2 protein chains.
Amino acid sequence: MSDHCFADRIATLIPLTAEEQAAIARLEERERPIRRNAMVMRENERLTEMFVLKRGLMMSYMILDDGSRQILRFHFPGDLMGLAGLAFAKSQETIMAVTESVVCPFERSHMAELVARHPRIGMALMALDQISRVNLNDRLAAVGRTSAKARVAALLLELRARTAPAKDGSFTPGVTQEEIGDATGLTAVHVNRMLRQLEDEKLIARDNGRISVVNEQRLMRAGQYIDRTARVDLSWMPPAA
Amino acid sequence: MSDHCFADRIATLIPLTAEEQAAIARLEERERPIRRNAMVMRENERLTEMFVLKRGLMMSYMILDDGSRQILRFHFPGDLMGLAGLAFAKSQETIMAVTESVVCPFERSHMAELVARHPRIGMALMALDQISRVNLNDRLAAVGRTSAKARVAALLLELRARTAPAKDGSFTPGVTQEEIGDATGLTAVHVNRMLRQLEDEKLIARDNGRISVVNEQRLMRAGQYIDRTARVDLSWMPPAA
DNA sequence: CGAGAGTTTGATAGTACTCAAATTCAGTGG
DNA sequence: CCACTGAATTTGAGTACTATCAAACTCTCG
């Protein structure tokens with residue numbers, strides 16, 4: 001299973017005391033299954049909750065005036081969703097399940113209480129959020145300044161990094177080509193052509209939706225991909241009280 | 001003067017006790033003047049500090065493999081700079097002065113102590129940071145899904161909103177057309193053409209670097225601009241202890 | 001087997017880029 | 001005070017990348 005609880009995620013950053021773990025676990029007391037294409041949050045809807053994604057794949061997106069969609073972020077198990085709404089009365093984005101998913105909803109005031117009682121968790125939360133912001137920075141740079149092929153290559157690598165790959169190394173992105181396009185600022189048609197090109201150049205192989213990375217080095221170069229996760233450093237954080 | 005201290009900024013979100021104000025003020029004890037084009041933080045440089053921008057205009061950017069630049073964010077007086085590095089050992093971005101500026105540097109461990117002692121400030125800090133993230137979301141959507149003209153229009157409106165305009169309503173963006181291009185994912189040449197087009201359509205007027213918004217309604221529509229600042233809501237925050 | 005979502009391919013159009021050069025402007029030194 | 005300089009802006013011509021439109025194809029699921 002690819003279930004992940006939030007405490008596990010935070011624990012990858014800093015060691016947690018048993019008490020802290022228990023406090024975080026209280027955010028995840030309720031579980032709610034979400035069907036494919038169902039939304040847990042809608043643009044302009046009144047905001048009260050946040051969510052931890054327990055299982056599945058979800059995404060945040062915005063719809064523009066002309067009806068086009070920009071996917072801002074994909075959410076993977078263990079991710080906190082809806083933090084961006086912290087300062088707003090209404091949601092700025094829609095959060096939808098790309099595949100069958102399970103989320104744990106909680107009131108944002110619970111988050112406030114948790115942080116008030118456990119400031120270290122608050123700092124860890126901020127750090128976690130900054131990691132996802134850096135990801136957003138990378139995405140902006142890709143969309144603003146790299147070719148269509150590079151953007152598709154980079155997104156494939158990102159999806160692979162966060163999806164449990166099969167033992168042969170292949171993985172199922174779980175997203176349609178249209179979704180890849182909406183995340184990278186391209187049309188579905190052009191995404192398809194870029195995938196074919198990557199395949200023709202033997203950087204990837206495709207078999208009915210499954211994708212294998214054939215030449216990781218070249219694919220990473222093609223996508224100007226940087227793995228930030230290797231460089232996380234929270235050594236400056238004060239130790240547990 | 002366009003000086004702004006950080007406490008003022010936070011105070012626009014939530015009321016602060018005198019003690020909280022004093023604690024925040026301690027982050028700003030040192031001031032450092034920064035010349036135009038000077039950097040306070042470089043990509044891949046070891047990270048230890050964060051900054052509050054006291055005066056001037058600065059920006060964060062990344063340089064890609066081919067040497068092109070993506071501006072991620074402009075910083076205005078009162079903004080906290082460098083928070084994105086919170087979880088990393090090395091900087092992911094460069095922060096440079098667009099105009100003469102003054103910053104207040106402090107160690108990130110000071111930030112950790114501040115938040116540990118004043119959890120409410122921590123929450124406010126997170127909220128503040130989410131506001132800037134929503135801005136980044138908007139930028140991504142603009143770059144990914146809107147026309148060149150729309151992106152330039154949106155950026156002009158953003159710059160105007162955060163720059164003290166003259167009494168005739170005109171303002172000086174303070175950025176070159178090349179910088180506008182690097183922020184919006186366009187070339188300087190094309191930015192120039194879009195400005196001319198906006199001028200020809202009487203949405204803006206230009207006079208030697210100064211820009212006046214002639215038809216705000218149409219410019220906002222052209223840029224699909226949404227003013228998020230009006231919708232900030234922190235009423236759920238617990239009151240001061 | 002039929003239906004619908006998703007993918008693939010072809011032909012054409014259009015937006016934005018590249019390259020090159022002229023022009024304006026602010027600052028500097030003679 | 002003026003020529004000089006480099007940065008920034010402006011304009012033109014040609015090109016390339018990506019979008020659009022349309023249709024065929026494949027796969028899954030009921």
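Every chain is numbered from 1, with letters handed out A, B, ... down the list of sequences. No hydrogens, no waters, no symmetry mates; every other heavy atom, side chains included, goes into these values. Keep in mind that this is a model prediction, so the values were computed, not measured.
- When the side-chain nitrogen and oxygen atoms of A:Arg196 are compared with OP1 and OP2 of C:dT9, one or more of them lie within a distance under 4.0 Å.
- Partners of B:Asp129 under the salt bridge (Lys or Arg N to Asp or Glu O under 4.0 Å) rule, at least two apart in sequence or in another chain, are A:Arg133.
- At least one donor-acceptor pair closer than 3.5 Å links the side chain of A:Arg151 to the backbone N or O of A:Thr184.
- For A:Glu199, the salt bridge (Lys or Arg N to Asp or Glu O under 4.0 Å) partners are A:Arg206, not counting sequence neighbours.
- Taking all atoms of both residues into account, the shortest heavy-atom contact from B:Gly78 to B:Phe6 is O-CD1, 3.4 Å.
- Five base pairs at each end of the helix from C:dC1-D:dG30 to C:dG30-D:dC1 define two local axes, and these are offset by 40° (rounded to 10°).
- The two atoms that bring A:Phe88 and A:Arg108 nearest to each other are O-NH1, 3.0 Å, heavy atoms only.
- One can place CG of B:Leu198 at 16 Å from C1' of D:dT9, the figure rounded to the nearest angstrom.
- Residues A:Lys149 and A:Met194 approach most closely at N-SD, 3.6 Å, considering heavy atoms.
- The side chain of B:Asn192 places no N or O atom within less than 4.0 Å of a non-bridging phosphate oxygen (OP1 or OP2) of D:dT9.
- The existence of a salt bridge linking B:Asp79 and B:Arg73 is confirmed by a sub-4.0 Å separation between a basic side-chain nitrogen and an acidic carboxylate oxygen.
- Atom CG of A:Asp200 and atom C1' of C:dT8 are 13 Å apart (whole Å).
- Using a distance-only test at 3.5 Å, with no hydrogens or angles considered, a donor-acceptor pair links the side chain of B:Thr12 to the main chain of B:Arg9.
- Rounded to an integer number of Å, the gap from CD of B:Gln197 to P of D:dG12 is 14 Å.
- The two atoms that bring B:Tyr61 and B:Met39 nearest to each other are OH-CE, 3.5 Å, heavy atoms only.
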Where along nucleotides 24-30 of chain D does protein come under 4.0 Å, by heavy atom, of base (B) or sugar-phosphate alone (S), with - for untouched nucleotides? ---SS--

Interface polar pairs with nucleotides 3-6 of chain C, N/O, under 3.5 angstrom:
unit_1	atom_1	unit_2	atom_2	d
C:dG6	OP1	A:Arg36	NH2	2.9

List the protein contact pattern of nucleotides 13-18 of chain C with one symbol per nucleotide (5' to 3'): B for base contact, S for sugar-phosphate-only contact, - for none; contact means a heavy-atom distance under 4.0 Å. ---BSB

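- Listed for the A:Glu43 side chain is a donor-acceptor partner under 3.5 Å among the backbone atoms of A:Ile63.
- Side-chain atoms of A:Arg210 come within 3.5 Å of backbone N or O of A:Ser170 as a donor-acceptor pair.
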So A:Arg221 and A:Glu216, salt bridge (Lys or Arg N to Asp or Glu O under 4.0 Å) or not? Walk me through it. CA-CA 8 Å; A:Arg221 239 178 308 131; A:Glu216 183 165 13; over 6 Å; no

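- In this structure, the side chain of B:Ser91 engages the main chain of B:Glu93 through a donor-acceptor pair within 3.5 Å.
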